[in-house]
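Only one structure is covered here, and it is reproduced in the block below.
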Amino acid sequence: MRWSRTFIHTLRQDPADAEVVSHKLMTRAGLISKVAAGIYNSLPLGWRSIDKMSDIIREEMEKAGAAELVMPAVQPAEYWEESGRWAEYGPELLRIKDRHDREFCFGPTHEEIITDIVRRSIKSYRQLPVALYQIQTKFRDEIRPRFGLMRGREFLMKDAYSFHADAEDLDQTYRAMKKAYCRIFERCGLGYTPVEADTGNIGGSESHEFMVLADTGEDAIMACPSCGYGANVEKAQTGPVKAAPPWPLAESETPSSVHTPEMRSVEEVAEFLGVDPAHLIKTMIFESDEEFVAVLIRGDLEVNEVKLKNHLDCTHLQLASEAKIEQITGGPQGFSGPVGLEGIRIIADPTVIDLKQAATGANTLDTHLVGVVPGRDFRPDTVVDVRTASAGDPCPSCSEPIIEKRGIEVGHIFKLGTKYSEAMRCTFLDAEGKENPMIMGCYGLGVGRTVAAAIEQNHDDKGIIWPLPLAPYEVVLVMLNSDKPEVVEAAEGLYAQLKEAGIDVLFDDRPERPGVKFNDMDLIGFPVRIVAGARGLAEGNIELSLRSGGEKTLVPITDMVETVRKTLDEIRAQLPQ
RNA sequence: CGGGGCGUAGCUCAGUCUGGUAGAGCGCACGGUUCGGGACCGUGAGGCCGGAGGUUCAAGUCCUCUCGCCCCGACCA
C-alpha cells in the first residue's frame, strides 16, 4: 500500500482527552479516532492491527477445536427473559425498541443466543462436545468508559462457548482454551500472566483471567514469585495472616466501656486505647439485595466486597447509609460493634475469631468496648474469609510473601456450568436415555483491548514499537528526496519487488521533508524500516533499521528484498509460531 | 450515580478573575527560499467562543438551566 493512497493522519500533539499512553499513541498515530465516549472508529491503520490480532485468534481457536460463526449484535428481549438476565442485568445492558415497540438489546455477550443455537440442533451426548466462537462487536453501557480502546462501551470481542455432556469433558476444553489463550498472547509477544479470577455475574465455578502486565492496568493482581500462584485481588486467598500482637491491657471477665470522644477511625481508636490496630474489630454494615449484614474484620485488614458478595450470593452490595447504621446498631457510624448487636446477620472473618482480646465499638456515641472476647461476648452467625489480600501476606499455596502487580485484563475464561442450559432447557439425552442440561464453558478475549495492551507494553517516547505480529505493516519503505527522479525510480522499483515478494510493506511516497517522515515512522512504529534517499543511492545503497533499536545498515539495493526477508524471519524466529 | 475538572479555528491552547471590535502556535491553501530527524519568509482561508435563557448600553467573559467530554470511585473483554 502507498501512504498517499491509504488514510493515515498523524497528530503532532497528544489529544487533550487521552490519559494513558496507548490511547494517546493510537490517536496520534492515526489508528483510531473518537466518535463519542467509549465509542471509536478503527481507522485503516488501526484496523489492520486489529485484523491481524483477529487472525491469530482464529488460528488458535480452530486449533482448540472451535468453529467460527457470527451472531447478531441486536438480540430480542425474550431470550434474555428466558435466562433471567433481562431483569438481572443492570443499566449496562443497552435496551432498545423497534418500530413495533418490541424490546431488544444490543448484545453485551451472547450466552443466550448461542444456547438457543445449540439446543435447536444438539439432542444427544453423541453430538457433544460443541465449541463455537465469534469475533464481533459488543456493547456494554459502562458506567465509566475510559482509556480509549482499553475500556470502550462498544468494543470488539472474541467470545467462545463450549457445551459438554459432563464436567470432565468441559475440563478438557477449558484446558485447551487456556492453552490457546496462552499461545495467542505469546504469539503477540506480550508479557502476560493467567490468574485465578472471580466469576462475576456471568456465573460459574472455575475461572481464569489473562492479565497483560502494565503499570496502567486497572486490575490488581496478587502473585507469588516463589510458586507462581496468581489471582485477581478480588479472588485472592492468603495463607494464615500474622496473628495480632499480645493484648497490652489487663484481661477482664466482661467488656468495659471507654469514653472515646470523636474517635471513629481504627487508627485513632487504637492509639487512644493504647492497643494495636489488629486488636480492633472493625464492624461494617452492608446492604445487600434483601438484607443488611454486619461484617467483622480485624482492624488492620480490609473487607473484600467481591468475596462478601459471593458469599451472600447477591447481585448488589453497598455500605449501609449512616441513617441505616444508626437504626440497626443504635449508635452512629464509627462506633458499631458486635456485642449485643441483634436483628442482623453477623459475618466474621476468621482473623476476628482468632483474637484473644479485642476492642470494638459499643454501638453508642463516643464509646468503645475493651476486653471483648469473641465467642464469649458475641457469636457471629458465619465465619468466612472476606478479607482483601495485600502485598506481603503469605501465599496460600507455599506461604511465601505475595506481591502486588497491575494488569490489564485481556481475556477471561469461565466454567459456566448449567446456569444457561438449565434456564433455557438446553438439554441432551445421555447413554441411558436420560435428559440432562449441557455443561457450558465460555471464553472471552478483548481484541482491541489486547492491541491497546500491546502498545502499553511496547512503546518509547517517540511512539509505538509494534511486536511484529500486530504491526499494521511489517515494513515501511520511506522515500526521501522525492523530487529526484533517480530516487523515485529506485524506490518505486524496490516497492514493486517487495510487493512481488509478498512482503507486508507500506510505501511512504509522500513528498514530505525527511524529518516529518522519520517522525511518523517512529510514531507509528513499523518494525522494519527501509530508507531510500539520494545519499545512499549514490552508492547503490539503501538503509535498513529496526524500530526496536540497533544500528542502521546499508544494503545494496539489489540485495534488499532478500535482506528484508531474512530480517523478518529472524524476528519471527523469536516468537512462537 | 457521588466527587473533581474542561468545552474558544481541523489540532494544542491563551483570553473569562476585572464585561468594551475573537487571538497564538501547529495544520491547511498560494508564492518564494529550502530539503537525511517535525524548515524559513510572505500572503490567505478558516469561529453562532458547546446549546438555551437571563442580567447589561454592551457578554467568550457575569447569572440560571442544559448538553458533551475527561479524571477519581463502584462495573468489566
Side-chain angles (χ1 to χ4, degrees), chain A residues 9-20 23-24 27-28 30 33-39 53 57 89-93 108-110 135-160 181 197-202 207 209-212 218-219 232 234 305-306 309 315-319 321 407-414 442-453 462-463 478-484 487 511-523 529 531-538 543 545 552:
Chain A
H9 299 280
T10 58
L11 263 34
R12 293 199 176 207
Q13 284 150 308
D14 282 336
D17 54 9
E19 192 74 11
V20 298
H23 187 193
K24 286 180 185 170
T27 306
R28 279 192 57 204
S33 63
K34 189 169 73 181
V35 176
I39 300 177
M53 183 75 226
I57 294 169
Y89 229 104
E92 203 173 300
L93 182 65
T109 169
H110 283 70
I135 293 174
Q136 191 237 22
T137 300
K138 302 276 185 276
F139 194 95
R140 294 183 189 173
D141 202 353
E142 298 278 353
I143 299 167
R144 187 152 89 82
R146 58 178 155 176
F147 298 162
L149 291 196
M150 210 83 104
R151 175 182 299 282
R153 292 192 290 174
E154 187 178 302
F155 60 99
L156 196 65
M157 174 169 156
K158 186 284 300 179
D159 44 328
Y181 272 50
D198 180 67
T199 49
N201 60 7
I202 295 189
S207 170
E209 285 168 339
F210 291 80
M211 296 287 189
V212 169
E218 292 184 88
D219 290 271
N232 192 309
E234 294 177 343
E305 291 192 24
V306 174
K309 213 164 141 181
T315 48
H316 299 288
L317 183 74
Q318 58 182 36
L319 281 165
S321 65
I408 301 162
E409 182 192 349
V410 289
H412 198 165
I413 60 178
F414 305 80
C442 85
Y443 318 89
L445 194 158
V447 183
R449 186 185 278 187
T450 305
V451 172
K462 292 184 164 196
V478 176
M479 171 169 64
L480 303 181
N481 323 107
S482 58
D483 54 330
K484 296 203 165 66
V487 175
E512 289 289 344
R513 296 170 57 84
V516 171
K517 297 186 149 206
F518 289 145
N519 278 296
D520 275 344
M521 141 185 124
D522 290 343
L523 174 61
R529 308 97 72 86
V531 176
R535 199 197 274 174
L537 280 168
E543 279 165 33
S545 67
K552 283 187 243 187

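In what follows, every heavy atom counts, from backbone to side chain, and hydrogens, waters and symmetry copies are set aside.
The listed nucleotides are B:C75, B:G25, B:C13; the one nearest the side chain of A:Ala16 is B:C13. Each of B:G38, B:C75, B:C35 was ranked by its minimum atom distance to the side chain of A:Asn481; first place goes to B:C35. Of the candidates B:C70, B:U34, B:C76, B:C76 carries the atom nearest the A:Arg140 side chain, counting heavy atoms from C-beta on. Nearest nucleotide to the side chain of A:Ala36, out of B:C76, B:G37, B:C69: B:C69. You'll find that the side chain of A:Val531 is closest to B:G36, out of B:C75, B:G38, B:G36. Here the nucleotide nearest the side chain of A:Phe518, chosen from B:C1, B:C70, B:G37, is B:G37. Out of B:C75, B:G27, B:A77, the shortest distance to the side chain of A:Arg12 is found at B:G27. Relative to the side chain of A:Ala37, the nucleotides B:G38, B:A77, B:C70 differ in distance, and B:C70 lies closest.
Here A:Val410 lies in heavy-atom contact (under 4.0 Å) with sugar-phosphate atoms only.
Dashed line: the shortest gap from a side-chain N or O of A:Arg513 to OP1 or OP2 of B:A39 is under 4.0 Å. In this structure, A:Arg146 reaches the B:C72 phosphate: one of its side-chain N or O atoms is under 4.0 Å from OP1 or OP2. Remark: A:Arg144 is in phosphate contact with B:C71, judged by side-chain N or O atoms under 4.0 Å from OP1 or OP2. For B:C70, the OP1/OP2 oxygens have a side-chain nitrogen or oxygen of A:Lys34 closer than 4.0 Å.
Remark: B:G23 base-pairs with B:C13. Criterion, Watson-Crick or G-U wobble with two distances under 3.5 Å. Base pairing annotation: B:G2 forms a Watson-Crick or G-U wobble pair with B:C72, both donor-acceptor distances under 3.5 Å. Across all strands shown, B:C35 remains unpaired; no Watson-Crick or G-U wobble contact has both distances below 3.5 Å. B:C28: Watson-Crick or G-U partner is B:G44, with both key distances under 3.5 Å.
Both A:Asp14 and A:Glu512 lie close to RNA chain B; mapped to their nearest nucleotides by heavy-atom distance, the more 5′-ward contact belongs to A:Asp14. When the nearest nucleotides of RNA chain B are assigned to A:Gly148 and A:Gly448 by heavy-atom distance, the more 5′-ward of the two goes with A:Gly148.
Considering every non-hydrogen atom in both A:Gly444 and A:Tyr181, the closest pair reads O-OH, 2.9 Å.
As a whole-Å value, the separation of A:Ile135 CD1 from B:A77 C1' is 13 Å.
Partners of A:Lys552 under the side chain to side chain contact (heavy atoms under 4.5 Å, CB included) rule, at least two apart in sequence or in another chain, are A:Glu543, A:Ser545.
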